[in-house]
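Following: one structure in structure tokens, then a few remarks.
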Amino acid sequence: QVQLVESGGGLVQPGGSLRLSCAASGFPFSNNWMYWVRQAPGKGLEWVSQINSGGGGTYYTHSVKGRFTISRDNTKNALYLQMNSLKSEDTAVYYCARGCGNYSGIFRCDYWGQGTQVTVTS
């Protein structure tokens, strides 16, 4: 079965860095675009970043451009999100996901991980 397991979250100060990892299994990882999605306290899901199957095409929401870098290692079935210059606004549970899109006006993904908490505070 499809499994996505996030790790690497934690507590960091503003301006700090954190690297999130996602271990994927149960599907042809290298054939799928992958996504990072987050949910801040009291807010809805927000698409953060995505990467194409080969890793050469990356996309980011405006608020994280220049600060976050999505990458993948298809030999390890692993997805990463390097987060630099973190802000308090980045505080959220971060999810690794597959098959995301806006379906009928609602952002959805076909598979999600359990999520990893990122807290940015002084």
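Position 1 is the first residue of the sequence; numbering continues from there.
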Over all atoms of both residues, closest heavy-atom pair of [X] and [Y]:
| X | Y | answer |
| --- | --- | --- |
| Gly8 | Leu18 | O-CG, 3.4 Å |
| Met34 | Cys96 | CE-SG, 3.8 Å |
| Leu4 | Cys22 | CD2-SG, 4.0 Å |
| Ser122 | Pro14 | N-CD, 3.7 Å |

Requested in this report: Go through the steps for Glu89 and Thr91 under the test side chain to side chain donor-acceptor pair (under 3.5 Å), then give the verdict.
Outcome: CA-CA 5 Å; Glu89 295 87 348; Thr91 294; over 6 Å; no
Using only atom types and a distance under 3.5 Å, with no angle test, would you say the side chain of [X] pairs donor to acceptor with the backbone of [Y]?
| X | Y | answer |
| --- | --- | --- |
| Asn77 | Ala23 | no |
| Thr116 | Gly9 | yes |
| Asn102 | Gly105 | no |
| Arg108 | Ser104 | no |
| Gln50 | Tyr35 | no |

Report task. May I ask you to check whether Trp33 and Tyr59 place their ring centres under 6.0 Å from each other? Result -> yes
For residues 79-88, which side-chain N or O atoms pair as donor and acceptor with protein atoms under 3.5 Å away, sequence neighbours left out?
residue, atom, partner, partner atom, Å
Gln82, NE2, Asn84, OD1, 3.0
Asn84, OD1, Ser17, OG, 2.9

Tell me, do [X] and [Y] make a side-chain contact under 4.5 Å, heavy atoms counted?
| X | Y | result |
| --- | --- | --- |
| Arg38 | Val64 | yes |
| Ser7 | Leu20 | no |
| Thr61 | Phe68 | no |

Report task. Please lay out, stage by stage, how Arg98 and Val2 fare under the test side-chain contact (heavy atoms from CB on, under 4.5 Å). Result -> CA-CA 10 Å; Arg98 191 197 83 172; Val2 172; 4.2 Å; yes
**Report entry** Atom CD of Gln114 with >12 non-hydrogen neighbours under 6.0 angstrom
**Finding:** no
Query raised in the report: Just checking, Arg72 and Phe29: is the charged tip under 6.0 Å from the six-membered ring centre and within 45° of the axis?
Result: yes
Query raised in the report: So Cys109 and Val37, side-chain contact (heavy atoms from CB on, under 4.5 Å) or not? Walk me through it.
Result: CA-CA 9 Å; Cys109 305; Val37 182; 4.3 Å; yes
**Report entry** Check against side-chain contact (heavy atoms from CB on, under 4.5 Å), Glu6 and Trp36
**Finding:** CA-CA 10 Å; Glu6 301 93 339; Trp36 284 103; 3.9 Å; yes
Query raised in the report: Does Leu45 belong to the same Ile/Leu/Val/Met/Phe/Trp/Tyr cluster as Trp47, with side-chain heavy atoms less than 4.5 Å apart forming each link?
Result: yes
Query - Qualifying residue, where the test is side chain to side chain contact (heavy atoms under 4.5 Å, CB included) with Tyr60 and the options are Ile51, Val48, Ile70 - result: Ile70
Requested in this report: State the CZ-CD distance between Phe27 and Gln3, to the nearest 0.5 angstrom.
Outcome: 10.5 Å
Query - ring-ring contact (aromatic ring centres under 6.0 Å, His included) partners of Tyr95, counting only residues at least two apart - result: Trp112
